[in-house]
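Before any comments, here is the structure.
First listed ligand is number 1; within each ligand, the first listed atom is number 1.
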Amino acid sequence: VKIIIRIFDAESLSTSNALFTPCLLQLFGNGTAVLRKSDDDRAPQARFFPPLQEPMLLPGTFKNKVAFITGGGTGLGKGMTFTLSSLGAECVIASRNLDVLKATAEEISSQTGNKVHPVQCNVRDPDSVKATVDQMVNDVGLPDVVINNAAGNFISPSERLSANAWKAITDTVLNGTAYITLDIGKRLIAAQKGAAFLCITTIYADSGSGFVMPSASAKAGVEALCKSLVAEWGRYGLRFNIIQPGPIKTKGAFSRLDPTGKFEKLMIERIPVGRLGTVGEIANLAAYLCSDYASWVSGATIKIDGGEYSFMAGEFNSLSLVTKEQWDVMEAIIRQTKGS
Ligand SMILES: CC/C=C\C/C=C\C/C=C\C/C=C\C=C\C(=O)SCCNC(=O)CCNC(=O)[C@H](O)C(C)(C)COP(=O)(O)OP(=O)(O)OC[C@H]1O[C@@H](n2cnc3c(N)ncnc32)[C@H](O)[C@@H]1OP(=O)(O)O
Ligand SMILES: NC(=O)C1=CN([C@@H]2O[C@H](COP(=O)(O)OP(=O)(O)OC[C@H]3O[C@@H](n4cnc5c(N)ncnc54)[C@H](OP(=O)(O)O)[C@@H]3O)[C@@H](O)[C@H]2O)C=CC1
């Protein structure tokens, strides 16, 4: 009730930011129950938008293809590896934690029947990247698909960040993507072999975002890197695309971006589709962009976020909280107004 009163408070209405005050209240647990439309973790309209997660491309789409996925042991990277492997790819997954990679490789290959190779790699270290790519070339050859997915992130007021905190994130996200792309790209060019590159960024790569400033800066840099190479390396048979996911509930992301679990409901309330995204939905889009069905797609940046970015961008979109009765009152006031 407090929230609705604030929305209709005449003084608050004089500033556009006032419409977002209820969101802040919700964030800290005051009023969440008032605005929630459903007790489960989806809004009612989510029933119109069921997530279909099984691989959508034809079986064998990636037969005789090698796919290299950074951060392929967990979360979205694991999901993309599963989908590509299901569609026939021989996958190489690379990150720091070899035990996690081995477990994922074993799990996926036992389900798909296709080999998944775990290779330890710290993308922040160009020597480690070189050793990883050497091993891949030795084991399976140069890749047809390269997915830059590895990342680091956590929420923090920027005034709390040390130089090393900035470096940890930007070295992983931007420099890591650059080291992988330059190392593999040079070898592909020398071998005259084509390939599809995909970078996983985020919806705030466009807008920037407070409290994740290093991640926002690095993801924007990754997008500039991709778009630059679309133009420069197309002549070598290399294409580059970008997926900007909205929130997907992975342990890696949510443990660092929603540590108390308080933000999830807030996010769902601003996603027009009424639910979080799923790993399988990202994996299907990734598989399409990396497949030959997308041979003519290069330089695309695709948001997959249930409409969240559009909702957050529109000045008046929080008016979806206003009831029919409240609209009746406001319409009457507006209609009575004469002149300026
Ligand atoms: C309102 C909406 C709210 C929430 C949204 C919720 C959900 C998601 C929605 C959208 C998501 C959009 C984008 C997501 C992007 C992602 O990238 S998610 C993937 C996240 N996955 C990971 O981060 C996995 C890998 N991460 C890590 O390994 C660590 O977290 C790491 C800190 C990034 C790196 O670890 P490492 O061991 O190498 O580094 P440290 O030595 O531990 O730390 C380096 C310096 O950083 C400082 N630090 C670390 N944590 C914090 C912190 N919480 N606050 C401030 N500073 C921190 C640390 O102290 C070191 O600095 P130093 O002390 O000066 O040396
Ligand atoms: N989940 C979400 O809501 C969203 C995620 N994204 C993006 O999706 C991608 C995957 O994130 P998600 O699956 O959620 O989170 P995860 O934390 O599960 O994935 C991050 C992966 O990066 C690897 N990684 C981190 N640092 C390094 C490093 N220095 N060298 C090599 N690998 C590294 C991690 O493995 P290890 O620790 O073994 O090194 C891990 O497998 C990221 O690019 C993220 O920015 C974008 C928008 C939304």
> Which atoms of ligand 1 sit under 4.0 Å from any heavy atom of Pro247?
Replying inline: 9 (C)
>> If the cut-off is 4.0 Å to any non-hydrogen atom of Asn122, which atoms of ligand 2 fall inside it?
In response: 28 (C), 29 (N), 30 (N)
> If you measure every N/O of Arg96 against every N/O of ligand 2, is any gap under 3.5 Å?
Replying inline: yes
>> For atom 17 (O) of ligand 2, what is the closest protein heavy atom, and at what distance to 0.1 Å?
In response: Gly252 CA, 3.3 Å
>> So is Arg96 touching ligand 1 or not, going by heavy atoms under 4.0 Å?
In response: yes
>> Show me which atoms of ligand 1 lie under 4.0 Å from any heavy atom of Ala168.
In response: 44 (C)
>> So Ile271 and Phe311, do their side chains get closer than 4.5 Å, heavy atoms only?
In response: no
>> Considering non-hydrogen atoms of the protein only, which is the closest contact for atom 4 (C) of ligand 2, and what is the distance?
In response: Gly246 O, 4.2 Å
>> Check this for me, if you would: do Glu223 and Lys219 make a salt bridge, where the nitrogen-to-carboxylate-oxygen distance has to be below 4.0 angstrom?
In response: no
> Polar-atom distance check: Val123 versus ligand 2, any N or O pair below 3.5 Å?
Replying inline: yes
> For atom 42 (C) of ligand 2, which of Thr172, Ile200, Asn149 has the closest heavy atom?
Replying inline: Asn149
> What about Ile69 and Ile302, same hydrophobic cluster or not, with Ile/Leu/Val/Met/Phe/Trp/Tyr joined at side-chain heavy-atom distances under 4.5 Å?
Replying inline: yes
> Can you tell me if Glu107 and Thr104 form a side-chain donor-acceptor pair at under 3.5 Å?
Replying inline: no
>> One residue to check: Ser215. Relative to ligand 2, which of side chain, backbone, both or neither has a non-hydrogen atom less than 4.0 Å away?
In response: neither
>> Angle between ring planes, Phe197 versus Phe240, binned at 30° and 60°: parallel, tilted or perpendicular?
In response: parallel
>> Students should be able to answer this: which protein heavy-atom is nearest to atom 15 (O) of ligand 2, and at what distance?
In response: Thr250 OG1, 3.8 Å
>> Can you confirm, on distance only, whether ligand 2 has an N/O atom lying under 3.5 Å from any N/O atom belonging to Lys219?
In response: yes
> For ligand 2, which atoms sit closer than 4.0 Å to a heavy atom of Pro247?
Replying inline: 3 (O)
>> Under a 4.0 angstrom heavy-atom cut-off, which atoms of ligand 1 come close to Ser162?
In response: 61 (O), 62 (P), 64 (O)
>> Heavy-atom contact check, 4.0 Å cutoff: does Arg124 meet ligand 1?
In response: yes
> Same cluster for Phe82 and Val100 if Ile/Leu/Val/Met/Phe/Trp/Tyr side chains link at under 4.5 Å?
Replying inline: no
> Which residue supplies the protein heavy atom nearest to atom 2 (C) of ligand 2, what is that atom called, and how far is it?
Replying inline: Ile248 O, 3.5 Å
> Can you find an N/O atom of Thr202 closer than 3.5 Å to an N/O atom of ligand 1?
Replying inline: no
> When only distance counts, is Asn164 in polar contact with ligand 1, meaning an N/O pair under 3.5 Å?
Replying inline: yes
>> Is there a polar contact between ligand 2 and Gly72, counting only N or O atoms under 3.5 Å apart?
In response: no
>> For residues Ile184 and Val129: do they belong to one hydrophobic cluster (side chain heavy atoms under 4.5 Å, members Ile, Leu, Val, Met, Phe, Trp, Tyr)?
In response: yes
> Any side-chain heavy atom of His117 within less than 4.5 Å of one from Gln135?
Replying inline: no
> Phe254 heavy atoms, cut-off 4.0 Å: which ligand 1 atoms fall inside?
Replying inline: 7 (C), 8 (C)
>> Side chain or backbone, does Ala151 bring an N or O within less than 3.5 Å of an N or O on ligand 2?
In response: yes
> Should you measure from each heavy atom of Ala150, which atoms of ligand 2 turn up under 4.0 Å away?
Replying inline: 22 (O), 23 (C), 24 (N), 32 (N), 33 (C)
> Is Ala94 close to ligand 2, meaning an N/O of one under 3.5 Å from an N/O of the other?
Replying inline: no
>> Is it the case that over 12 heavy atoms from other parts of the model lie below 6.0 angstrom from the NZ atom of Lys193?
In response: yes
> How does Thr201 reach ligand 2, by side chain, by backbone, by both or by neither, if only non-hydrogen atoms under 4.0 Å count?
Replying inline: backbone
>> Give the atom numbers and elements of ligand 2 that come within less than 4.0 Å of a heavy atom of Asn97.
In response: 38 (O)
> For ligand 1, which atoms sit closer than 4.0 Å to a heavy atom of Ile169?
Replying inline: 33 (C)
> Side chains of Asn175 and Thr170: donor-acceptor distance under 3.5 Å anywhere?
Replying inline: no
>> Between Thr181 and Asn148, is the side chain to side chain donor-acceptor pair (under 3.5 Å) condition met? List the steps.
In response: CA-CA 8 Å; Thr181 305; Asn148 279 300; 3.1 Å; yes
> Can an N or O of Lys219 be found at a distance shorter than 3.5 Å from an N or O of ligand 1?
Replying inline: no
> Between Tyr179 and Ser128, does any side-chain donor sit less than 3.5 Å from a side-chain acceptor?
Replying inline: no
>> Please list, in number order, the atoms of ligand 1 under 4.0 Å from a heavy atom of Gly252.
In response: 20 (C), 21 (N)
> Counting distance only, does the side-chain N/O of Arg335 pair as donor-acceptor with the main-chain N or O of Ala332 below 3.5 Å?
Replying inline: no
> For ligand 1, which atoms sit closer than 4.0 Å to a heavy atom of Ala151?
Replying inline: 17 (O), 21 (N), 22 (C), 23 (O), 24 (C), 25 (C)
> Do any nitrogen or oxygen atoms of Asp258 lie less than 3.5 angstrom from nitrogen or oxygen atoms of ligand 1?
Replying inline: no
> Between Arg96 and Asp125, does at least one N-O distance fall below 4.0 Å, as a salt bridge requires?
Replying inline: no
